[in-house]
Amino acid sequence: MPPPAAAICEELQDMTKTVDHWIGGKPAGSTSGTYGPVTDPATGAVTTRVAFASVDEVDAAVAAAKEAYATWGQSSLAQRTSILFRFRALLDAHRDEIAELITAEHGKVHSDALGEVARGLEIVDLACGINVQLKGELSTQVASRVDVASIRQPLGVVAGITPFNFPAMVPMWMFPMAIACGNTFVLKPSEKDPSASVKLAELLAEAGLPDGVFNVVHGDKVAVDRLLEHPDVKAVSFVGSTPIARYIHTTAAANGKRVQALGGAKNHMLVLPDADLDAAADAAVSAAYGSAGERCMAISAVVAVGAIGDELVEKIRERAEKIKIGPGDDPASEMGPLITKAHRDKVASYVTGAAAQGSEVVLDGTGFTVEGYEDGHWIGISLLDKVPPASDAYRDEIFGPVLCVLRAETYDDGVALINNSPFGNGTAIFTRDGGAARRFQMEIEAGMVGVNVPIPVPVGYHSFGGWKDSLFGDHHIYGNDGTHFYTRGKVVTTRWPDPADAPTGVDLGFPRNH
Ligand code: NAD
């Protein structure tokens, strides 16, 4: 039984191990005295406490960022990129340490945590080349001795609010681009696994980033709401669940801020009858159960087209049954626990309720535990077949190791099913037919498409983002969209008269180019 909330609070007051905010280039202890618990999902034990920011503490971080912007916004591209190159080297050298922090608080296995650091590093690579991306445009002689330059300038203080499932990568989708563009940054990471973000702050400081350019405030809705309304925050990047993404988008926009809010997902994999079924089953199992299904790009629905359904489900079952589940720091583990007990119970409820709603339960992972870790947030592998589109298991984002298989008679039926989903993050097609794959690319309503690739997370120099309820706002994240989001355009029209020119005289007509 977990201790009651009041007992946890008292326990937290006495706890000495604390994750502090990071403000103005150094750790900032809590001034409000409010903390939340950080739990090791493999043991269920509260291992540390994290400071929860009050309005005043958020204001202090924004003030530090605003002060730093006065000089950082004017810094040279060479200065910014030399710091980012040093940060990249430090990040590379500390991959293991960051991955260990992630595993201890998130629960994912070490190799998976290393993968997340690697994908975050790709965005740092991109930011190191910001000088190329910020090259402006110049048109000479648009009229007599008139030149026009388009340039992009930073916004000022910008904020990032990030989810628990990628505590290092998702912040790195944001801040390297933001600070490379000359902004200063306030990050509000997930309160469930806050340590990786503080480690990133330490490495940025070691790389020579001036104090106040990157700040971290921990906490919950109090901290987020203050960032959304603070007049000195010019833009908000958010990644998390759809209901909160919608709220962030509406609130930040109402407060006059630029906002991009990436939400939840239900990612489909359409398997055509001509596909290599072994490859499709390998891909489905890897993409559905990796990180215990707690990925926004996890495949959570396989749509089997035509007569291949039974064979495909059997191939998935054979592979899924062999997955080794255990603590993330055990090299033998392929899948770790879920983030909290409450989330584990919610995921389990979809499996226990599935048969009554018409699904065939092929594998039931509820009730699973790991010997010696009985209080961990464990759940095993679940596989549901012939899932009705109207059932909860299909309609909701479960965010756990539960794969739904649906059946479609034709390609068109499968595409219609996928396009009917309110989500549109990633989707994949498995086929040997190039014509069908091309049709799928054009017809499918999702922001990221894989052709025989189950998790089509774009590389750093292409942008990441979904459609429909998976993204609110008009910018995808990182890539060219990242540069665009974190800068605003300015167009400068210049005329230097030649000394030999006759005076033009007064002309009240609207300027014409000639
Ligand atoms: P979440 O929406 O619960 O939390 C995200 C952030 O919002 C956290 O920092 C949290 O503290 C804050 N928050 C939570 N409730 C809030 C409220 N009422 N008001 C203001 N702020 C609030 O998401 P999560 O559970 O941490 O992460 C999992 C979700 O994120 C999944 O839905 C997943 O699909 C999604 N996700 C999406 C992407 C993407 O790129 N589209 C990437 C990763 C995760």
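Every number for a ligand or one of its atoms is a count from 1 in the order of the listing. No hydrogens, no waters, no symmetry mates; every other heavy atom, side chains included, goes into these values. Residues take their numbers from the sequence shown, with the count starting at 1.
- For atom 4 (O) of ligand 1, the nearest protein heavy atom lies 4.0 Å away or farther.
- Within the listing of ligand 1, atoms 10 (C), 11 (O) sit less than 4.0 angstrom from a heavy atom of Glu191.
- For atom 27 (O) of ligand 1, the nearest non-hydrogen atom of the protein is Pro163 CB, 3.2 Å.
- No more than 12 heavy atoms of other residues, nucleotides or ligands shown are found within 6.0 angstrom of NZ on Lys346.
- Contact atoms of ligand 1 toward Trp173: 40 (O) (distance under 4.0 Å to a heavy atom of the residue).
- Residue Gly240 places at least one N or O, backbone or side chain, under 3.5 Å from an N or O of ligand 1.
- Two residues are said to be in side-chain contact when any heavy atoms from C-beta on lie closer than 4.5 Å; Asp481 and Gln260 fail this criterion.
- Within 6.0 Å of atom CZ in Arg319, more than 12 heavy atoms from other residues, nucleotides or ligands are found, so the atom counts as buried in its surroundings.
- Arg226 is not listed as a side-chain neighbour of Val62, based on a closest heavy-atom distance of 4.5 Å or more.
- Counting the atoms of ligand 1 from 1 in the order shown, those under 4.0 Å from a heavy atom of Lys188 are 8 (C), 9 (O), 10 (C), 11 (O).
- Looking only at protein heavy atoms, the nearest one to atom 28 (C) of ligand 1 is Phe399 CE2, 3.5 Å.
- With hydrogens left out, the protein atom closest to atom 19 (N) of ligand 1 is Lys221 CG, 3.5 Å, a heavy atom.
- Using a 4.0 Å cut-off to heavy atoms of Phe238, the atoms of ligand 1 that qualify are 2 (O), 5 (C), 6 (C), 7 (O).
- Neither the backbone nor the side chain of Thr242 comes within 4.0 Å of ligand 1, counting heavy atoms alone.
- At a cut-off of 3.5 Å, with distance as the only test, a side-chain donor of Tyr247 or Lys221 sits close to an acceptor on the other residue.
- The nearest non-hydrogen atom to atom 13 (N) of ligand 1, considering only Asp220, Asp225, Ile244, comes from Ile244.
- Ile244 places none of its side-chain heavy atoms less than 4.5 Å from the side chain of Ile161.
- Ring centroid separation for the pair His218 and Tyr35 does not come in under the 6.0 Å cut-off.
- There is a side-chain donor-acceptor pair under 3.5 Å between Ser32 and Glu57.
- Between Phe464 and ligand 1, not a single N/O pair is under 3.5 Å apart.
- Remark: ligand 1 and Ser241 share an N or O pair separated by less than 3.5 Å (distance only, no angle test).
- The one candidate from Asn215, Val198, Val217, Thr162 that meets the side chain to side chain contact (heavy atoms under 4.5 Å, CB included) condition with Leu187 is Thr162.
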Show your working on ring pair (Phe, Tyr, Trp, His ring centres under 6.0 Å) between His268 and Tyr394 and close with a plain yes or no.
CA-CA 10 Å; His268 296 75; Tyr394 176 70; 5.5 Å; yes
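- Environment of CZ in Phe368: crowded, with over 12 heavy atoms of neighbouring residues, nucleotides or ligands closer than 6.0 Å.
- If you number the atoms of ligand 1 from 1 as listed, the ones under 4.0 Å from a heavy atom of Val224 come out as 20 (C), 21 (N).
- Closest protein heavy atom to atom 26 (O) of ligand 1: Phe164 N, 3.0 Å.
- With no hydrogens or angles considered, no side-chain donor-acceptor pair links Asp56 and Ser54 at under 3.5 Å.
- Any N or O atom pair closer than 3.5 Å counts here, and Glu397 shares at least one such pair with ligand 1.
- Within the listing of ligand 1, atoms 6 (C), 7 (O), 9 (O) sit less than 4.0 angstrom from a heavy atom of Ile161.
- In terms of polar-atom proximity, defined here as any N/O pair under 3.5 Å, Gly263 does make such a contact with ligand 1.
- The nearest heavy-atom contact from the protein to atom 8 (C) of ligand 1 is Thr162 O, 3.2 Å.
- The shortest N or O to N or O distance between Lys192 and ligand 1 is not under 3.5 Å.
- In terms of protein heavy atoms, atom 39 (C) of ligand 1 is closest to Cys296 SG, 3.5 Å.
- Here is the list of ligand 1 atoms found below 4.0 Å of a heavy atom in Asn165: 43 (C), 44 (C).
- With sequence neighbours excluded, the residues that form a side-chain contact (heavy atoms from CB on, under 4.5 Å) with His484 are Arg152, His475.
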